[in-house]
Structures are given as C-alpha cells and as structure tokens.
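First comes the structure, then the notes that go with it.
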Amino acid sequence: MTDFLATAYRTHAAGSLRAADAGNPVSVAGWVHRRRDLGGIVFLDLRDREGIVQVSFDPSWTPAEVLAEARRLGAEDVVRVDGTVFPRIHGQLNEALETGEIEVRATGLEVLTRAEPLPIQVDYAADEELPGEDLRLRYRYLDLRRPGLLRNFVIRHRAAQAARAYLSQQGFLEVETPLLTRPTPEGARDFLVPSRMHPGEFYALPQSPQIYKQLLMVSGFDRYFQIAKCLRDEDLRADRQPEFTQIDAEMAFVDEDDVFRVAEGLMAAIFREVAGVELETPFPQITFAESMARYGTDKPDLRYGVEIVDVTEVLQDADFRIFQGVRGTEQRIRGLRVPGGARLSRRELDELQEVAKRGGAAGALWVKRGDDGALAGQFAKGVDEGRANAFYEATGLAAGDLFAAVVGHFRGANEGGGVEVDGALDELRRHLARKLDLVDTTRHAWLWVTEFPVFDWDAEHERLVYAHNPFSMPEDGAVQAVLDATREGTPGAEAARALYAMGLRSRAYDAVYNGNELASGSVRIHLPAVQQAVFTALGMDPDEVRAKFGFLLEAYRYGAPPHAGFAFGFDRLVMLLAGAGSLRDVVAFPKTTSARALFEEAPTAIADAQLRDVHVQVRAPGA
RNA sequence: GGGGGCGUAGCUUAGCGGCUCAAAGCGCCGGACUGUCUCUCCGGAGAUCGCGGGUUCGAAUCCCGCCGCUCUCGCCA
C-alpha cells in the first residue's frame, strides 16, 4: 500500500510491513526507536513515518560484524537495514504493533547518521509524563517524531485533501488571495508590515480573505474556496493561535439553503474520509433567539438534552424573597431540570454558585427532589404543595432530579439593558452535564444557528456595534429599517437604541459541532446602498466609509451578484477530529501563549540598519 | 492589561513548619546476558535547586522584583 515509498534507500516503509510480506527480502530505513540487547542477540525497533517494525539480529542469520554494529546503536540513530521478513513464532506476536505478526531478520546494517543523546525523548511509556510544553516546542522537530503527534498531521492532511476534492467536485475554484493587504478597520488587531518603498506606510496581514472573496464574486468566479491562513494579533488561548487556517468559501446566486447543503456535504466528506463516520444531513437549524432561550448560548452542545425552562410565573409568588423581587420587573426566573442531579453532594451543589457567577449571575438557586418525591434545597420551603405541583408540571422535575435556577435579566426580554445572565445557565448546563456524565460522546451533534442579530448594543459608548459581521445581509424587513434609520446619517444614541431594540435579524449563521463554533458565514450584502447604510448605522461617516471600504462599495456599483459563504476553522476541526487537547497539537510549528516561536526564536529584535530600510523607529513601551 | 498555577540532574517528579535533603524513576556511560518487545541484572557519571535582591549564624525551602511556560478574564468570529 505504501510501495510508493520505495526509494534508493529502501524497498518498503518499515511500518507498513505485514504478514503478507513474509518471505520477501526487504530493505528498510528509519530511526532506532528502541534497542533490546540480550547479549547473543539484539532486537531493534525501527521507526519510520508508517510505524514501527522489529528487526532481529541473531548469529544464525546475521554476520558477526553486522551484529557487533547493531550492539553499538543508540536511540534515534538513523539506519538502513537489509533482511528478510519472517513470521514471528507462535506466542511471540506483539499485538501492540501493526507489524506485530512479523519481524525483519537482519543480514545487513548501515548507519546513515548518529544521534547524540536527545534533550527530550521520542519514546514514552504509556504512564510516562511528557516533558513540559515549552521544551517540546523548543525541540519541536523531535516532539513531532512521536507517533501520536505525527498521527494528527496525517489526519490534518486527509481532512485538507477531502475538502479540496469535495469542493472542487462541487465546482469551486481554489484561488489564493494576498498576504500583504490593507489594515482591517474593524475587528481584531492587525499584524503590520512596514513598506520600504513607501515610507511611513504599512501593509497588514489578513485577518481573513473576507473582502477578497466577495470581490471574486463580483468578478464572476461563481464559486471560490481556499485553505487560507488568517492572522490576528490578539492574546492567545489553548484553542487560539495568532495564525490559523480556515476553509474559506463563497458562492454566487445562492441563499442559505444552498450554502448549508455545500457546507454539510463538505463536513460529511471530511468525517467520512478521516473518521469513517457518516454524518446525518441536513444538520438541524435553530435561530439565534431560540438557541439563547433554550440553551443560554449561541453554540449549544446538543449531545445532551437539558434545556432551559422559564418558571417565573410559577415561582414569583413563592415565599422566597429573591423570587418575589422579580415581580413587576423584566427579570425572569429560569433554570434547568437535571436528570439524576439529586445525587450531587452538598459540596458539589455549593460549587454551582461559582459556576453561575462565571456566567454573570449573582448565584445559583437549586432544589432537588429526593427518591421519596419530596422537594429539598434552597427555595424548597417557600414552595407550598399546590405550587410544587405546578412547578413539577412546568419542569418535569421527577424524583432524583435537580433543578438549578438563576434570576436576572435575559436576552430578548431586557429593554432596560440590565446585565444579562443567559451565560450563567449555559455554564450551569455544561458543568452539570459533565459532572453527571450526561454527554453522549458517541454523537456528532451538528447544527446551524441562524438569524443572528444585525446589531449588538455597546452600552459603554451608547452605540451600535455589529453582532456577527458587518457584511451580513439583514433580513428582508430589517433592510428597510436600517435604510430608514440612516437616511439622515448615523442615528443618535436615542435612535440607535431604538433601532437595536427592534431586534433586527441578519442572514448570518454559524455551524456548531458538539458545542464548538466551527464555522461562520452569511448571505452578504451585495447592494451598495444597503452596505452603506449598515456602515452608517455603525457610526462611520461617508468619508470614513470611502477611505476604509471605498473599493468594496465601488465594486458593488458595477454589478455584484447575490452571494453567500462560510469559513470553517480548520485547526479546530482537525483538533476535534484528532481528539487533541490543544490547537498546538495539530499545528506543526505553533506559537506559545505569549505568541513566541520557541524553536526559531521569533519575534526578535531587528538591527538598526534593517529598521532604517523600512523607515521604522522603535519606541519603548509606554514612551 | 488583570488574576491563578508552575519553574529542583538531559526528562518527569519528591523534598518547600529553613540548618546531614540535594532524593527517586526514565534517559545516559561501563559491564553481564541467545527470543526480547517498558528485556533483565550489576556498577557509574550527572544539579551554581529559573534569574536577581533581601531576611537569617544558616535559604531549594521565607519575603520582594524580574523572566519563562501555562490556564483564565478582558480582547478575539
């Protein structure tokens, strides 16, 4: 299967040898993974990209000088071995190795290069701790020799190839877009590149190919895709790198359903190719508003079913002061029925306070129903029998269940602009599902979240900000509302708030997988007047728009087709496919959380002459 | 920018109510061993305890500062 790896140095890949090769003379080449010297005979575990095979040196088939040389081998020496494939005798198979049914009986050995003792090992026992990540990044080329890590890059490659094959077959053209571009006016910080030829001017590295792909639609390319590098100069996390990769695509003459069909097909192809999993398509769809109401987040994990229940009407008159405080306000009492949650210990229930606070609530309120069906817990005393029955009816709370509630303002019912606590229920939901093992890890729970808001409200600056993407087309009715509101220029604080309160929706969507936002996209604005109006609503005056987006609006004047697209976070997708815990495990040469490259030591100070070339003078921090 | 955690032989860790505490496993070096596969057995080398300062008769251990890594909030689609 890997005969194509046959070269001047070898006839086979060592790791691809199988029982069917028995009897064949072979040459293999690779690294000394491990050596077992029993005195008279020597075993060698030889490793190459395809795996590990045992080589045996024995006086009955190995010349004495070859055996002597084998005894001098050290870990990670690079060697070439000539020999013959033999089946292992009964009782000596190694089920841990894919090559475990055979071994190579060596007749020749050539040391290609010697390895000095390594600063970090390649071979680890199952229970052995890996070295610190900083060391492994410093010696990344050694860490990448670990079969477990190498495997992630095989997965990554196959995912990329599956994406290319599928999209090509669907009529998409792969087009590269510039890395040296102009700064992005909104969103994340840009990485900047000084221009030598134009003193004082700078390029920016692209945060995404967004504008370019829309221009390609104007050009009539019809369908575009690219596996694109995106760069953002923001603080890092375990699942965030300063440079990352997207599967970026855009289509002309389409609506949401056309995009969803392609994106679903793309994911199905990747999961089929890489994981052997048949995804169920089409993916379910829910609106942003519904997702917030049912799960408290715009990226719900649907591998378990716990949903938010509003119990305001049932409980606001209970004999419990916190509940009574909601009457006559916009506050609501909402919570989660957690099956089997009654078995949590007092200490575990106390933890819920912190969990809820993380989500912005003042705390969590809980009751549980014991095996005898009786209600116990924080607000149990305030709930008389009649009210309890209404409560059970509303929530489905059964014996053995827990109900965890939060009181406060919720999105969609918050005209007064109070602090929203939807996130607290999201935190509680995820925390309790994990704690009680409610997550069905065999499921692949994809969904589309649609109809994101056009605007969010920036309370601090009393202005509108875009919720999803400033290029997303508002829904039919919302287009007119935006045009009306911006006829006289940017609306004032009062009018802006009113516009926000209308709850306008856009034709923007996310693809969510097991609680991870993996893709984002929208039907784009292709009408210059509408795009202009959205920019105006966001507070840009006409001159500013002209300076920042003039080329896009100009392009739209000459016949832009309706278009829509998406971008999948490729690194994150591969991370999930590979079961890796960190993005750094699926990026060949990642940066640390302080955005350093430990192996090549970037970033680095630059000599004055080189700075002079690009007309840049370094200013000390704070100066 | 804020907060938490970590930093002891090449690697992973123990030691951290201060004064025989610098220890173990892996790796490395030397020796023995003819069927191992985390080979086994015997012996050995290897550490200015992240850096700088302070407290103390005495600091890996206590205090302050800095650096690095990491998690996280802000930020980020």
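Letters A, B, ... are given to chains in the order of the sequence lines, protein chains preceding strands, and every chain is numbered from 1. Both backbone and side-chain heavy atoms feed into the values below; hydrogens, waters and symmetry mates do not.
At the heavy-atom level, A:Arg136 lies nowhere under 4.0 Å from the strands shown. Residue contacts for A:Arg237: at a heavy-atom cut-off of 4.0 Å it reaches a base atom on one of the strands shown. Within the 4.0 angstrom heavy-atom criterion, base atoms lie near A:Asp58. Residue A:Gln92 is classed as a base contact, given a heavy-atom separation below 4.0 Å to a base. Contact annotation for A:Leu97: no contact, since no heavy-atom pair falls under 4.0 Å across all strands. Note on A:Arg36: a base of the nucleic acid sits closer than 4.0 angstrom, heavy atoms only. Nucleic acid contact for A:Thr592: sugar-phosphate only, since backbone atoms but no base atoms lie under 4.0 Å from a heavy atom of the residue. A:Leu130 comes within 4.0 angstrom of the backbone, heavy atoms only, and of no base. Residue-level contact check: A:Ala125 touches neither bases nor backbone, having no heavy atom under 4.0 Å from any strand. Within 4.0 Å (heavy atoms only), A:Ser594 reaches sugar-phosphate atoms of the nucleic acid but no base atom. When heavy atoms are screened at a 4.0 angstrom cut-off, A:Glu133 is found touching the sugar-phosphate backbone but no base atom. Nucleic acid contact class of A:Gln241 (heavy atoms, under 4.0 Å, all strands): none. Nucleic acid contact class of A:Ala508 (heavy atoms, under 4.0 Å, all strands): none.
Under the ring pair (Phe, Tyr, Trp, His ring centres under 6.0 Å) criterion, A:Phe566 pairs with A:Phe568, sequence neighbours left out.
Across B:rC63 and B:rG18, the matching C1' atoms stand 13 Å from one another, rounded to whole Å. Nucleotides B:rG74 and B:rG2, compared at atom C1', are 8 Å apart to the nearest Å. Look at the P atom in both B:rC41 and B:rG10: the space between them is 25 Å, to the nearest Å. Taking atom P in both B:rG15 and B:rU55, the straight-line distance is 29 Å, to the nearest Å. B:rA22 and B:rU61 are spaced 15 Å apart, taking the P atom of each and rounding to whole Å. With C1' as the reference atom, B:rG46 and B:rU38 are 23 Å apart, rounded to whole Å. Taking the C1' atoms as reference points, B:rA45 lies 7 Å from B:rC29, given to the whole Å. Comparing the P positions of B:rU20 and B:rA59 gives an interatomic distance of 12 Å, to the nearest angstrom.
Here A:Lys435 pairs with A:Glu351 in a salt bridge; the nearest charged N to carboxylate O distance falls below 4.0 Å. A:Asp45 has no carboxylate O lying under 4.0 Å from a charged side-chain N of A:Arg47, or vice versa, which leaves the two without a salt bridge. Under the 4.0 Å criterion applied to side-chain N and carboxylate O atoms, A:Lys229 and A:Glu243 are assigned as salt-bridge partners. Using a 4.0 Å cut-off between a side-chain N of Lys or Arg and a carboxylate O of Asp or Glu, A:Asp422 and A:Arg411 do not qualify as a salt bridge.
The 5' end of RNA chain B is approached more closely, in terms of each residue's nearest nucleotide, by A:Glu129 than by the other of A:Glu129 and A:Arg34. The nearest heavy atom of RNA chain B to A:Arg105 and to A:Leu118 marks one nucleotide each, and the one closer to the 5' end goes with A:Leu118.
When both distances must be under 3.5 Å, the Watson-Crick or G-U wobble mate of B:rG68 is B:rC6. Of all nucleotides present, none satisfies the Watson-Crick or G-U wobble test against B:rA47 with each distance under 3.5 Å. Across the strands present, B:rG27 finds no partner; the criterion is a Watson-Crick or G-U wobble pair with both atom distances under 3.5 angstrom. Remark: B:rA32 base-pairs with B:rU40. Criterion, Watson-Crick or G-U wobble with two distances under 3.5 Å.
Between A:Pro59 and A:Ile41, the shortest heavy-atom contact is CD-CG2, 3.8 Å.
The aromatic rings of A:Tyr509 and A:Trp448 stand perpendicular to each other, their planes meeting at an angle above 60°, with 30° marking the opposite boundary.
Contact footprint of chain A on RNA chain B: nucleotides with an atom under 4.0 Å from a non-hydrogen protein atom, first to last in 5' to 3' order, B:rG1 to B:rA77.
Checked by atom type, the side-chain pair A:Arg524/A:Ser522 shows a donor-acceptor distance below 3.5 Å. When only modelled atom types and interatomic distance are considered, A:Tyr224 and A:Asp248 share a side-chain donor-acceptor pair under 3.5 Å.
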